[in-house]
Every structure is written in structure tokens, then in C-alpha cells.
Amino acid sequence: MNRNAVVKGIGHALPTKILTNEELSKTVDTTDEWIVQRTGIKQRRICGPDEGCFDLSLQAAREALESSGLEKSDINMVIVATVSGDWDWPTAACYVQDQLGLKNAGAFDLGAACAGFIYASSVGTAMIESGQVDNAIIVGVDTLTKQVNWNDRSTCILFGDGAGAIVLGHQESTTRGVIKTVLLSDGSGAPHIMNELGGTKYPPKSEEWFARTYGIKMNGNEVYRFAIGAMGDACEKVLHDAGMTADQVDLFVPHQANIRIIESAAKRLNLPPEKVFVNLHNYGNTSAGSIPLALYEASKEGRLKEGMVVMTVGFGAGLVWGANLIRW
Ligand code: UT7
């Protein structure tokens, strides 16, 4: 009897403050036209000083748990994918575990940047399929607007804050659930997108720390080039490993970084626009939050129904990338 990891609940969280391209162009040398043309982004949500990664994680996890119909005591694991915790440690996952009162759960964070949700879902799936845990809450969340350099127009226009979460639970003798995942990496690309301050190499207030500018540093063209290849490669590999073809995919939910990257992947896979979910115009790139937030909206809009096959794909700092196929 097979034991699958099935999506049993879904939730999301967004800060209330909206920052439009027009507003941004009052403080940064950019225009709405440039941002929309080059990225597809029109606005993004940004956390205020009293909002952050931990609270977005908690809200998304709470909604996912409520929608699953499971009891708190049923949850055995919390995995939060993030690279922008409120503090370095302890983890966002432990905050969620405590605030939700999950007395039977282990908890840990996982860092795979914008591909974090795919990585975390893969770990949760393996734990469930092996019988180690029965039910896990998987959160993808980032608050990168707190890490951007607001003087760097090539990066600050891209990111927004947000979170999504699912409850993955065991189910026997079903065709539903996570079908296949591929996870890939190329650490030689680390310099292309990174935040070198915030770790321990350059301790805060040291000479080396003062000599550097805080914030995300990115070689946009390199990341773009990598993403164009990686998205299509990961999708083709996951389809091949599952013995499936792209025409069996009902909905494609890619990482929401840039509309040009999404359209290129969809074209390579021969997926028509009605099978491609896009919400980046509203939220920008929410990093690990992007895929689960898109899954949440797709399911609320009725575009993702039980039994449908969804393919997600993501890429990000590391460099890391991956894709998965889920029968919803
Ligand atoms: O999850 C992973 C996160 N990272 C990504 O997904 C990034 C992937 N890369 C990209 O999406 C694109 O490379 C960007 C959107 C970042 C940049 O688009 P691009 O079409 O590659 O533009 P570019 O960097 O080649 O810059 C073209 C021009 C430059 O001016 P010159 O040298 O041609 O005079 C830039 O200085 O556009 C200028 N520019 C801007 N102009 C207005 C760069 N940023 C801006 C801006 N507003 N915000």
C-alpha cells in the first residue's frame, strides 16, 4: 500500500502596506514603465517596522492548519523555508511551533532562497512517505525588502514580502500527492546573488563590516541567464523522472521573479498562457514565499482543484533550483 504526501491545507500571509512602482520612482531613479517592461511587476507588499518573517510564517501556518481540518496534536513537523528570519537563530519554525501550540512537532528552518519551498516540500514529503512523520506544516516566507539596498535600483524594484504555507499529510492508496521532485545546485554561482553581511564572516561593526554596504548584491544579467536555462531544465527533468509529459500538467506555478523568465519557460514547455499562473504584478519576487503564495491564490481562484496536476519550479541564490509535480 503506497503512502503519499498529500496537500491537506493551504494558507498565506501578506503585509498590508503596498508599494507601487510610481511611489518607488519618487525615491529611486526608475520608472513604472521600465519596471513593468523588464519584470512585469507593478507593486509589492512591504513589512512595516513591527512586521516580519516570523509573524508572516505564523499567519500562513495558522491558516493552512485551520483549512486542513487537522488538530494541533496531529502535526509532527514544522519546516520553514526562509533566508530572512527575524534573527539568525533560533528559527522561525520554532516560533511557529510555540505560537501555534504544536506540542508533538519537531521544527527547523531550511535555507534555499527562492527555491526554498520546493526544497522544504521535498524534505516533508520524504519524511511522510518514509513514515517518520504523519503531518507536516511547510512554510515558504521571505521579507527581503528588509535586506535590499534601497539605493540600488537594479535590485530594490524586484522584491516584496510574503508567505505561503501548506499542510502535507499522509494518505494511503491514493493517486493524489507529491509525485516527483528534482533539486539541483551550483555553488560556483554564489557571487551572482548574495547578502554577504548578516553572517559571521564580517562581524557587525568590524572594520570589514563598515567597509561594505549592507544589502542584496546581484548580477542581474547572470541570474537571468541562469534562470532561463534552469527553469526549463528542471521542469523537463521532473517530467522525465515522473514518466509524464508537459501536456499532462493542468497548472504551471513558477517562481514569480520576472515575467520574461516565466514566459520563456512556458514557451520551452509548450504550455499555453491559461495553464500558467502569474501574480508577480501584485507582489514582486517574494523569494521562498512566491510559489506557495501563488498556489494559495490559484486554489482560491478555483484554478487548482483536487486531482489536478500542478508543476512548480523555482531558482535562487546558491545557486539552487528545482521543480516538483503534485497531484493536488
Ligand atoms: O529569485 C532570483 C532573484 N533575481 C532575479 O530573478 C533577477 C534576474 N534578472 C532580471 O530579472 C533582470 O536582469 C533585471 C530585471 C534585474 C534587469 O533587467 P535587464 O533587462 O537585464 O536590464 P539590465 O540590467 O541589462 O539593464 C539595462 C539598463 C541599464 O542601463 P544602461 O547601462 O543600458 O544605460 C541599467 O542601468 O537599465 C538600467 N536599469 C534601470 N533603469 C531604470 C537597471 N535597473 C533600472 C531601473 N530603472 N530599476
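Whatever order the structure lists them in is the order used to number ligands and atoms, beginning at 1.
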Closest protein heavy atom (residue, atom, distance) for atom 18 (O) of ligand 1: R260 NH2, 3.6 Å
Would you confirm whether any non-hydrogen atom of the protein falls under 4.0 Å from atom 29 (C) of ligand 1? no
among protein heavy atoms, the one nearest atom 6 (O) of ligand 1 is A257 CB, 3.5 Å
Can you figure out which of R38, M218, E222, H192 has its heavy atom closest to atom 16 (C) of ligand 1? M218
Measure the distance from atom 2 (C) of ligand 1 to every protein heavy atom, then report the residue, atom name and distance (to 0.1 Å) of the closest one. F315 CE1, 3.6 Å
Protein non-hydrogen atom below 4.0 angstrom of atom 34 (O) of ligand 1 present: no
Counting non-hydrogen protein atoms only, what is the nearest one to atom 46 (C) of ligand 1? Give residue, atom name and distance. T30 OG1, 3.3 Å
Taking everything shown except E301 itself, do over 12 heavy atoms lie less than 6.0 Å from its CD? yes
Identify which one of D161, N21, N285 satisfies the side chain to side chain donor-acceptor pair (under 3.5 Å) criterion when paired with R44. N21
Any salt bridge (charged side-chain N to carboxylate O under 4.0 Å, His left out) involving residues 221-236? Give me the pairs, sequence neighbours left out, ordered by first then second residue. E222-R225, D233-R268, E236-R268
May I ask you to identify the nearest protein heavy atom to atom 5 (C) of ligand 1, giving residue, atom name and distance to one decimal place in Å? V223 CG1, 3.7 Å
Mark the output for A227 as yes if a heavy-atom distance to ligand 1 is under 4.0 Å, and as no if none is. no
Measure the distance from atom 36 (O) of ligand 1 to every protein heavy atom, then report the residue, atom name and distance (to 0.1 Å) of the closest one. R153 NH2, 3.0 Å
Identity and separation of the nearest protein heavy atom to atom 3 (C) of ligand 1: N285 ND2, 3.4 Å
May I ask whether atom 14 (C) of ligand 1 is less than 4.0 Å from at least one protein heavy atom? no
Side chain to side chain donor-acceptor pair (under 3.5 Å) filter on Y119, not counting sequence neighbours, yields none
Ligand-side contact atoms (ligand 1) for residue partner H255, heavy atom cut-off under 4.0 Å: 1 (O)
Are any non-hydrogen protein atoms located under 4.0 Å from atom 21 (O) of ligand 1? yes
Taking all non-hydrogen atoms of both residues into account, name the closest pair between A60 and G164 and its distance. CB-C, 4.0 Å
Out of A113, G314, G40, G220, whose heavy atom sits nearest atom 9 (N) of ligand 1? G220
Tell me which one of N258, I41, N21 gets a heavy atom nearest to atom 11 (O) of ligand 1. N258
Side chain to side chain donor-acceptor pair (under 3.5 Å) test vs H12 passes for just one of E63, E297, Q59, K300, namely E63
Nearest non-hydrogen protein atom to atom 23 (P) of ligand 1, with distance, is N221 OD1, 3.9 Å
If you draw a 6.0 Å radius around CD in E71, do more than 12 non-hydrogen atoms from other residues or ligands fall strictly inside? no
More than 12 heavy atoms of other residues, nucleotides or ligands under 6.0 Å from CD of E172: yes or no? yes
Relative to the heavy atoms of I157, which atoms of ligand 1 are at a distance of less than 4.0 Å? 48 (N)
Would the number of heavy atoms belonging to other residues, nucleotides or ligands and lying under 6.0 Å from NZ of K180 be above 12? no
Specify side chain, backbone, both or neither for W34, according to which of its non-hydrogen atoms lie closer than 4.0 Å to ligand 1. side chain
Can a salt bridge be assigned to the pair D134 and R3 using a cut-off of 4.0 Å between side-chain N and carboxylate O? yes
Should the heavy atoms of other residues, nucleotides or ligands under 6.0 Å from CH2 of W150 be counted, would the total exceed 12? yes
Counting only heavy atoms closer than 4.0 Å, does ligand 1 sit against the backbone of T39, its side chain, both, or neither? side chain
Counting only heavy atoms not in K146, do more than 12 fall under 6.0 Å of its NZ? yes
